[in-house]
Amino acid sequence: MQWLVKVYAFLAAVPIIPFIIIYFGSKAATGDKKKAVRLAMDITTALLIGCVAVLFDMVFNSSFGIFGILLLLLIGGGLMGNLQHRTKGALDIKRITRAVWRLSFFMMSVMYILLMLIGIGQSFAKV
């Protein structure tokens, strides 16, 4: 079980590597670029959430990272659900979940880059 944690930690530390591997693997298997990108985004989002949570905790010396991310995902789901209910009159939970998950890929990617740069800056400032 320990090896699984180490593999996850490695893949989450450099999320572009699993994205590329999944994209090319899926593209070779299915031949569909759109499906390959979506699958790579979906899997990489799970890695990015864990990595951004740890980076947030390290940069700001807190333990709120994962809870803050989950809170943002829930708020995003609530806002999208409200928007969908107002426009269509009904909720499609699967569609809301997919939209929040895909938007979180972009949000987590930006946060990953930002927190990584802040962390590197902090480590240089300590020296």
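Just so it is clear, the values below take in all heavy atoms, side chains as well, and ignore hydrogens, waters and symmetry mates.
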(request) Could you tell me the separation between the CG atom of L103 and the OG1 atom of T45, rounded to the nearest 0.5 Å? (result) 10.0 Å
(request) Give, for atom CG of L114 and atom OG of S109, the distance between the pair rounded to the nearest 0.5 Å. (result) 12.5 Å
(message) Contact between L115 and M58 at the side-chain level, heavy atoms closer than 4.5 Å - yes or no?
(response) no
(message) If hydrophobic clusters are built by linking Ile, Leu, Val, Met, Phe, Trp and Tyr wherever their side-chain heavy atoms come under 4.5 Å apart, do F105 and I75 end up in the same one?
(response) no
(message) Enumerate the salt bridge (Lys or Arg N to Asp or Glu O under 4.0 Å) contacts for residues 81-95, please, sequence neighbours excluded, ordered by first and then second residue.
(response) none
(message) Is the ring pair F56/F60 parallel, tilted or perpendicular, if the boundaries are 30 and 60 degrees?
(response) tilted
(message) Salt bridge or not between D42 and R102? Use side-chain N to carboxylate O under 4.0 Å.
(response) yes
(message) Is any side-chain heavy atom of L71 closer than 4.5 Å to one of F67?
(response) no
(message) Does any part of the side chain of V14, heavy atoms only, come nearer than 4.5 Å to the side chain of I17, both counted from C-beta?
(response) yes
(message) Nearest 0.5 angstrom please: L70 CG to F64 CZ, how far?
(response) 9.5 Å
(request) Please report the shortest heavy-atom distance between M80 and A99, naming the atom on each side. (result) SD-CB, 3.6 Å
(message) With rounding to the nearest 0.5 angstrom, report the CD1 to CG distance, I49 to L73.
(response) 5.0 Å
(message) Can you tell me how far apart NZ (K34) and NZ (K27) are? Round to the nearest 0.5 Å.
(response) 14.5 Å
(request) Decide yes or no for F10 and K6: does some side-chain heavy atom of the first lie under 4.5 Å from some side-chain heavy atom of the second? (result) no
(request) Please name the pair of heavy atoms, one in L47 and one in P18, separated by the smallest distance, quoted to 0.1 Å. (result) CD1-CG, 3.4 Å
(request) Evaluate side-chain contact (heavy atoms from CB on, under 4.5 Å) for L48 paired with M111, printing each intermediate quantity in order. (result) CA-CA 9 Å; L48 281 169; M111 291 300 297; over 6 Å; no
(message) Strictly by salt bridge (Lys or Arg N to Asp or Glu O under 4.0 Å), give each pair with a member in residues 46-59 just once, sequence neighbours left out.
(response) none
(request) State, with a plain yes or no, whether a side-chain heavy atom of V54 is found less than 4.5 Å away from one of I66. (result) no
(request) Measure across M41 and F19 and return the closest heavy-atom pair with its distance rounded to 0.1 Å. (result) N-CE1, 3.7 Å
(request) Check V59 against Q122 and note the closest heavy-atom contact, atom names and distance. (result) O-NE2, 3.3 Å
(message) Quick check for you: to the nearest 0.5 Å, what is the distance between T44 atom OG1 and I22 atom CD1?
(response) 5.0 Å
(request) Ignoring hydrogens and angles, tell me if any N or O in the side chain of S123 forms a donor-acceptor pair with the backbone of I120 under 3.5 Å. (result) yes
